[in-house]
Enquirer: 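Dropping a structure here in structure tokens format, bear with me for questions.
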Amino acid sequence: MMSLEKFSLGLTGGIGSGKTTIANAFQALGASLIDTDLIAHALTRNDGLAIPQIREEFGDQAISEDGSMDRARMRALVFNDSAAKLRLEAILHPLIRSQTEQAAASATGDYLIFVVPLLIESGNWKQRVDRILVVDCAEEIQITRVMQRNQLSREQVLAIMRNQASRQERLAAADDVILNQDGLHLIKPQILALHQTYLNMSAQKSGSN
């Protein structure tokens, strides 16, 4: 488990909640972002560290012509086969964790933000970070955003959401919440206020180390 000297925040939210936009706003103010989704993508691209293990475990059909993991095929496989999902996670999770720890150790921002889409589902992030920030919005807004952004049907979006923690579960785990329903310009004051709070908490943590 990571032992972090810097103040750290876990940022999460359901699909379509606007996690990335809000994380980028904090980064612009001076926070260091560590996005576990981006790390996972890097591990599964054509030269990624996970590719040899994925090929060995799932065969050549799991690898695209360009040498990256065939995400569509693997997504369909793990969606319908819980054992395959566990096999893939057994490959990816240790690599994601080690890459995350390396990124945290070299981060130079005022404080750390771990952007983790499945933070609530992953179980132990609550013990690994100082606070959890949830980006929240109404489920109908999530559905509309993802349908427009990803060109998915309503049923496809609902299927994804059913495999994520519920809105209530995320809110129950949150120390801080940003309601992101009406655009970034309306929540910028809240982001600025939270950033100042996190700077203060960071200074307190640094002073106690």
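Numbers here simply count residues along the sequence, with the first being 1. For clarity, every value in this text was computed on a predicted model and none was experimentally measured.
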Enquirer: Less than 3.5 Å apart, which donor and acceptor atoms pair up between the side chains of residues 180-187 and the rest of the protein, not counting sequence neighbours?
Expert:
{"from": "Asn180", "atom 1": "ND2", "to": "Ser17", "atom 2": "O", "distance (Å)": "2.8"}
{"from": "Gln181", "atom 1": "OE1", "to": "Ala138", "atom 2": "N", "distance (Å)": "2.6"}

Enquirer: How would you list, by chain and number, every residue that makes a salt bridge (Lys or Arg N to Asp or Glu O under 4.0 Å) with Arg170, sequence neighbours excluded?
Expert: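 In terms of salt bridge (Lys or Arg N to Asp or Glu O under 4.0 Å), with neighbours along the sequence ignored, Arg170 is linked to no residue.
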Enquirer: Applying side chain to side chain donor-acceptor pair (under 3.5 Å), can you list everything that pairs with Glu139, at least two apart in sequence or on another chain?
Expert: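 With neighbours one apart ignored, the set is empty.
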Enquirer: Provide the closest heavy-atom pair for Lys126 versus Ala173 in the form atom of the first, atom of the second, distance.
Expert: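 Closest heavy-atom pair between Lys126 and Ala173: NZ-O, 2.7 Å.
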Enquirer: Start with the C-alpha gap between Phe7 and Leu112, add the side-chain angles, then the distance that decides, and say whether side-chain contact (heavy atoms from CB on, under 4.5 Å) holds.
Expert: CA-CA 6 Å; Phe7 176 80; Leu112 304 177; over 6 Å; no
Enquirer: Under the side chain to side chain donor-acceptor pair (under 3.5 Å) rule, collect the residues that match up with Gln196, sequence neighbours excluded.
Expert: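 Here the qualifying residues are Asn200.
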Enquirer: Under the rule for side chain to side chain contact (heavy atoms under 4.5 Å, CB included), what residues qualify as partners of Glu140, not counting sequence neighbours?
Expert: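 Listed in chain order: Ile143, Arg154.
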Enquirer: Looking at residues at least two apart in the chain, or sitting in another chain, which of them share a salt bridge (Lys or Arg N to Asp or Glu O under 4.0 Å) with Asp81?
Expert: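 For Asp81, no residue satisfies salt bridge (Lys or Arg N to Asp or Glu O under 4.0 Å) once neighbours in sequence are set aside.
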Enquirer: Testing the basics here: between Val146 and Val157, what is the closest heavy-atom pair and its distance to 0.1 Å?
Expert: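 Between these two residues, the closest heavy atoms are CG1-CG2, 3.8 Å.
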Enquirer: Are the side chains of Asn46 and Ile63 in touch, meaning some heavy atoms are under 4.5 Å apart?
Expert: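 A side-chain contact under 4.5 Å is absent here.
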Enquirer: A side-chain contact here means heavy atoms from C-beta on lying under 4.5 Å apart; do Ile120 and Trp125 qualify?
Expert: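 Not touching, per the 4.5 Å side-chain cut-off.
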Enquirer: Taking Lys205 for its side chain and Lys6 for its backbone only, find out whether a donor-acceptor pair lies under 3.5 Å.
Expert: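 Flag set: sc Lys205 to bb Lys6 pair under 3.5 Å.
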Enquirer: Let me confirm one number: the CD-CD distance from Gln151 to Gln156, rounded to the nearest 0.5 Å.
Expert: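 Between atom CD of Gln151 and atom CD of Gln156 there are 10.5 Å.
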Enquirer: Would a 4.5 Å heavy-atom cut-off, applied to side chains only, mark Asp35 and Ile39 as touching?
Expert: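 Contact flag for Asp35/Ile39 side chains = no.
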Enquirer: Identify the two heavy atoms, one from Ala23 and one from Val115, that lie closest to each other, and give their separation to 0.1 Å.
Expert: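 Looking at all heavy atoms of both residues, the closest pair is CB-CG2, 3.8 Å.
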Enquirer: Quick one: are Gln27 and Asn24 in side-chain contact, heavy atoms under 4.5 Å?
Expert: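 Yes, their side chains come closer than 4.5 Å.
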Enquirer: Under the side-chain contact (heavy atoms from CB on, under 4.5 Å) rule, what do Val135 and Leu11 come out as? Steps first, then yes or no, please.
Expert: CA-CA 7 Å; Val135 181; Leu11 187 153; 4.0 Å; yes
Enquirer: Please report the closest heavy-atom contact between Thr12 and Pro117, naming both atoms and the distance.
Expert: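 The pair with the smallest heavy-atom distance is OG1-O, 3.1 Å.
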Enquirer: Quick one: do Arg128 and Arg97 satisfy side-chain contact (heavy atoms from CB on, under 4.5 Å)? Show the steps, please.
Expert: CA-CA 12 Å; Arg128 296 165 68 187; Arg97 175 166 294 207; 3.0 Å; yes
Enquirer: Let me confirm one number: the CG-CG distance from Leu33 to Leu38, rounded to the nearest 0.5 Å.
Expert: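 Result: 9.0 Å between the selected atoms.
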Enquirer: Would you be so kind as to tabulate the donor-acceptor pairs closer than 3.5 Å made by side chains of residues 49-59, with sequence neighbours excluded?
Expert:
{"from": "Arg55", "atom 1": "NH1", "to": "Asp60", "atom 2": "OD1", "distance (Å)": "3.1"}
{"from": "Glu57", "atom 1": "OE2", "to": "Arg87", "atom 2": "NE", "distance (Å)": "2.8"}
{"from": "Glu57", "atom 1": "OE2", "to": "Arg87", "atom 2": "NH2", "distance (Å)": "3.4"}

Enquirer: Indicate if Ile178 and Ile15 have the same hydrophobic cluster label, given that clusters are the connected sets of ILVMFWY residues with side-chain heavy-atom separations under 4.5 angstrom.
Expert: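 No, it is not one cluster - the side chains of Ile178 and Ile15 are not joined through contacts under 4.5 Å.
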Enquirer: Could you tell me which residues satisfy side chain to side chain contact (heavy atoms under 4.5 Å, CB included) with Leu171, sequence neighbours excluded, listed by chain and number?
Expert: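 Side chain to side chain contact (heavy atoms under 4.5 Å, CB included) list for Leu171, sorted by chain: Val134, Asp136, Arg167, Val177.
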Enquirer: Quick one about Tyr198 and Asp176 (side-chain donor to acceptor, distance below 3.5 Å, no hydrogens or angles considered), yes or no?
Expert: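 Looking only at side-chain atoms, Tyr198 and Asp176 do form a donor-acceptor pair, the distance falling under 3.5 Å.
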Enquirer: Which ILVMFWY residues are connected to Leu86, directly or by a chain of links, through side-chain heavy atoms under 4.5 Å apart?
Expert: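 ILVMFWY cluster around Leu86 holds nothing else.
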Enquirer: Has Arg45 got a side-chain atom pairing as donor or acceptor with Ser68's backbone, closer than 3.5 angstrom?
Expert: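 Such a contact is absent between Arg45 side chain and Ser68 backbone.
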Enquirer: Thr197: which residues meet the side chain to side chain contact (heavy atoms under 4.5 Å, CB included) condition with it, sequence neighbours left out?
Expert: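 Residues passing side chain to side chain contact (heavy atoms under 4.5 Å, CB included) with Thr197: Met201.
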Enquirer: Using every non-hydrogen atom in the two residues, find where Thr108 and Ser32 come nearest and quote the distance to one decimal.
Expert: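 Smallest interatomic distance, heavy atoms only, reads N-OG, 3.6 Å.
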Enquirer: Name all residues meeting the side chain to side chain contact (heavy atoms under 4.5 Å, CB included) criterion together with Leu192; count only those two or more places apart in sequence or in a different chain, and write none if there are none.
Expert: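 Here the qualifying residues are Leu29.
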Enquirer: Classify the ring geometry of Phe26 against Tyr111: parallel below 30°, tilted from 30° to 60°, perpendicular beyond 60°.
Expert: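 Judged by the thresholds at 30° and 60°, the geometry between Phe26 and Tyr111 is perpendicular.
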Enquirer: Would you name the heavy atoms of Gln142 and Cys137 that are closest together and state the gap between them?
Expert: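 The pair with the smallest heavy-atom distance is CG-SG, 3.5 Å.
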Enquirer: More than 12 non-hydrogen atoms from neighbouring residues, nucleotides or ligands closer than 6.0 Å to CZ on Arg71, yes or no?
Expert: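 Yes, CZ of Arg71 has more than 12 neighbouring heavy atoms, counting only those of other groups under 6.0 Å.
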Enquirer: Applying salt bridge (Lys or Arg N to Asp or Glu O under 4.0 Å), name anything that partners Glu169, two or more places apart in sequence or on another chain.
Expert: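 Not a single residue meets the salt bridge (Lys or Arg N to Asp or Glu O under 4.0 Å) criterion with Glu169.
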